[in-house]
Amino acid sequence: MAKSTEKMEKITSLCKRRGFIFQSSEIYGGIGGFWDYGPLGVELKRNIKDAWWRDMVLNPPIGPDGKQVQMVGVDCSLIMNPKVWEASGHVGGFSDPMVDCKESKSRYRADQITVAIPANDDGNAQMYAYVSEDEETQAKAHKALAKYLKTKPPLDSSLFIEKPLLEIPVELYNRIVGPHVKDAGTLTEPREFNLMFQTFVGALQDSSSVAYLRPETAQGIFANFKNVCDSSRVKVPFGIAQIGKAFRNEINPRNYTFRSREFEQMEIEFFCHDDDAMMWWEWWRDTRINWYTSLGLAGENLVPRNQEGDELAHYSKACTDIEYRFPFADEPQELEGVAHRGCYDLNAHQEKSGKDLTYFDTDRKERFLPTVIEPSAGADRSTLAFITEAYTVDESRPSPELMKFHPRLAPIKAAVFPLVAKDGLPELAEPLYQDIRKRWPAQFDAKQSIGKRYARMDEAGTPYCFTVDGQTKEDNTVTVRDRDTGGQDRIDMSRVIEYLEERL
RNA sequence: GCGGGUGUAGCUCAGUGGUAGAGCGUCACGUUGCCAACGUGAAUGUCGUGAGUUCGAAUCUCAUCACCCGCUCCA
């Protein structure tokens with residue numbers, strides 16, 4: 001087994017054991033692509049989302065123009081008018097039924113397959129499928145059918161009929177020879193490959209009530225562009241941010257929580273004049289990279305990658321994927337995309353809705369459709385990256401596994417221990433604990449040996465442990481122990497809050 | 001979606017047809033008193049799920065679900 005796989009298994013095991021991440025509905029055998037956060041995981045993820053909101057929305061860095069960056073937030077519904085997804089391009093084009101060929105591993109659009117059937121079909125005859133309007137596979141199918149009918153090509157048109165694949169009952173598929181194979185029965189039944197989750201709005205479940213769980217949070221922002229402009233006194237350039245759940249029916253969920261079917265996004269749509277767009281794009285790219293770095297995703301594992309040429313959407317001028325080297329893959333995997341989207345989205349919604357979404361810039365005396373820069377981050381992917389980055393094995397320690405979370409992200413900020421559970425030490429430690437927990441998530445532990453308690457906190461990633469001992473009774477000092485070094489300092493008990501404040 | 005592997009206690013795993021196990025963790029009591037210490041005791045299992053074969057299935061067969069690995073896919 002690869003070393004990296006072993007590391008990933010150690011991480012998943014610790015995450016389960018300590019209550020970071022559980023498989024969804026585990027007692028019923030789980031469900032593919034869905035995950036739950038446990039008591040420590042929910043704090044960690046919440047800290048990540050809070051840090052993002054604080055650092056990007058409430059107090060973003062100074063902009064590339066030297067001015068404060070205007071940011072506001074929204075929280076949109078998961079289900080929107082289905083026309084939103086028609087405008088965005090998520091419906092249509094990708095909802096065709098597909099058939100797979102088990103033998104050739106090819107995948108075809110079912111409505112593009114034609115089947116040649118012997119005219120004198122006795123109920124057992126082989127049928128030959130080809131890709132409609134594809135001369136090569138058509139010729140191959142006709143030739144094979146001629147051979148099957150024991151006649152010489154060219155095949156007489158009276159000897160066979162042709163039907164679209166979708167008009168042939170699925171029960172007969174075992175008699176169909178696929179376009180790129182020699183034997184019958186390799187085609188699967190047609191399946192929908194639309195990755196959007198469908199649901200129904202209202203109690204009557206018919207086609208008029210079909211709706212979708214959003215596959216991204218971005219469209220709620222675009223749909224509310226005008227509302228935000230009209231209600232919040234923002235002026236272009238400005239950004240709208242949203243954190244929320246999104247859903248995609250991933251064909252193949254994999255790699256722990258990385259490719260989940262239900263996931264949370266942290267998205268910004270930043271609206272600016274096209275003239276300034278590249279400047280803002282570069283600024284957001286750098287800002288986002290710095291954000292990850294400042295919270296501990298430093299070094300070689302964080303890899304910005306510029307999309308080039310064909311990879312870029314046709315409307316996009318630039319896009320950088322911020323990627324991370326996870327232990328489960330050789331190639332870095334995307335945490336966030338910082339995309340220059342032109343005015344594609346607003347334009348699409350303007351056309352579909354018939355509503356004017358242009359913006360009048362009073363400084364420029366110009367009416368235009370703003371260009372959008374979109375830093376779109378995965379909250380669960382970031383969480384997994386921070387977990388992976390924090391996971392450390394130090395064989396020289398009595399308890400080798402520890403989580404080196406950045407103090408801002410640590411689920412528990414501090415722990416308070418009486419060195420022993422007697423001699424009045426718990427009574428001394430208790431008020432300190434009560435003091436700390438008013439400000440930060442903290443734990444009190446008087447059970448078992450002191451070493452075990454430190455070790456437990458190391459696994460949870462708690463950066464600081466305060467221990468009340470015999471000397472506390474004499475001079476009111478406690479020891480503070482650092483998670484990463486194991487080193488200890490003595491500080492006055494009255495300085496503990498101050499000590500934490502300086503570091504959190 | 002295809003192929004391979006795995007599934008037994010919270011975690012790691014042993015258990016090849018005949019009473020459900022170990023280590024670690026958890027809890028209690030005692031001891032100790034700054035780094036998963038020691039002793040004693042305890043709790044914890046739909047053996048992934050469902051069918052089948054059998055007098056009898058964790059074990060054999062089939063199906064199914066989940067996870068892992070390699071392809072594939074990822075608008």
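The shown structure was predicted, so the numbers you read here are calculated from the model rather than taken from an experiment. First the proteins, then the strands, lettered A, B, ... as listed; each starts at 1. All values below were derived from every heavy atom in this structure, side-chain atoms included, with hydrogens, water molecules and symmetry-related copies excluded.
- Applying the Watson-Crick and G-U wobble criteria (two distances, each under 3.5 Å), B:G70 pairs with B:C2.
- To the nearest whole angstrom, the two C1' atoms, one in B:C47 and one in B:U8, are 4 Å apart.
- Backbone-only engagement by A:Ser13 is indicated by non-hydrogen atom pairs under 4.0 Å involving sugar-phosphate atoms exclusively.
- Across all strands shown, A:Gly486 has heavy atoms under 4.0 Å from base atoms, whether or not it also approaches the sugar-phosphate.
- B:G39 atom C1' lies 14 Å from atom CD of A:Gln448, rounded to whole Å.
- Across all strands shown, the partner of B:U40 is B:A28, judged by Watson-Crick or G-U wobble contacts whose two distances both fall under 3.5 Å.
- Taking the P atoms as reference points, B:C13 lies 15 Å from B:G48, given to the whole Å.
- A distance of about 26 Å separates the P atoms of B:U46 and B:U53, rounded to the whole Å.
- Separation of the C1' atoms belonging to B:C24 and B:C74 is 40 Å when rounded to the nearest angstrom.
- In this structure, CZ of A:Arg259 is placed 9 Å from P of B:A75, rounded to the nearest angstrom.
- Using the Watson-Crick or G-U wobble rule with both distances under 3.5 Å, B:C60 pairs with B:G52.
- Taking atom P in both B:C60 and B:A66, one finds a spacing of 23 Å when rounded to whole Å.
- Paired with A:Arg490 under the rule side-chain hydrogen bond (donor to acceptor under 3.5 Å, both in side chains), one option of A:Thr479, A:Thr477, A:Asp475 passes, and it is A:Thr477.
- Nucleotides B:U59 and B:U16 have their C1' atoms positioned 6 Å apart, rounded to a whole Å.
- Stacking of A:Arg481 on the aromatic ring of A:Tyr464 is not recorded, the 6.0 Å distance cut-off and the 45° axial limit not both being met.
- Remark: B:U19 base-pairs with no nucleotide; criterion is Watson-Crick or G-U wobble with both hydrogen-bond distances under 3.5 Å.
- For the side chain to side chain contact (heavy atoms under 4.5 Å, CB included) with A:Val468, the lone residue among A:Asn476, A:Leu419, A:Val478 that qualifies is A:Val478.
- At the heavy-atom level, A:Tyr256 lies under 4.0 Å from the strands shown only through sugar-phosphate atoms.
- Under the 30°/60° scheme for interplanar angles, the aromatic rings of A:His90 and A:Trp85 are found to stand perpendicular.
- No contact: A:Gly487 has no heavy atom under 4.0 Å from any strand.
- Between A:Asn249 and B:C74 there is no side-chain polar atom (N or O) within less than 4.0 angstrom of OP1 or OP2.
- Within the nucleic acid shown, A:Glu26 has no heavy atom closer than 4.0 Å to any nucleic acid atom.
- One P atom belongs to B:A57, the other to B:A51, and the distance between them is 13 Å to the nearest Å.
- Scanning atom types as modelled, one donor and one acceptor separated by under 3.5 angstrom connect the side chain of A:Asp469 and the base of B:C34.
- No hydrogens or angles were tested; on distance alone, a donor-acceptor pair under 3.5 Å links the side chain of A:Tyr454 to the base of B:C34.
- Proximity of A:Arg18 to the phosphate of B:C11: no side-chain N or O atom is located under 4.0 Å from OP1 or OP2.
- Put simply, the residue from A:Phe22, A:Phe258, A:Tyr256, A:Phe263 that forms a ring pair (Phe, Tyr, Trp, His ring centres under 6.0 Å) with A:Trp35 is A:Tyr256.
- If you check every strand for non-hydrogen atoms under 4.0 Å, A:Thr12 touches nothing.
- Annotation: B:C29 and B:G70 have their P atoms spaced 49 Å apart (nearest Å).
- Of the listed residues (A:Lys404, A:Glu401, A:Lys10), just one forms a side-chain hydrogen bond (donor to acceptor under 3.5 Å, both in side chains) with A:Tyr391, and that residue is A:Glu401.
- Within 4.0 Å (heavy atoms only), A:Ile27 reaches at least one base atom of the nucleic acid.
- A 3.5 Å limit on both hydrogen-bonding distances identifies no Watson-Crick or G-U partner for B:U46.
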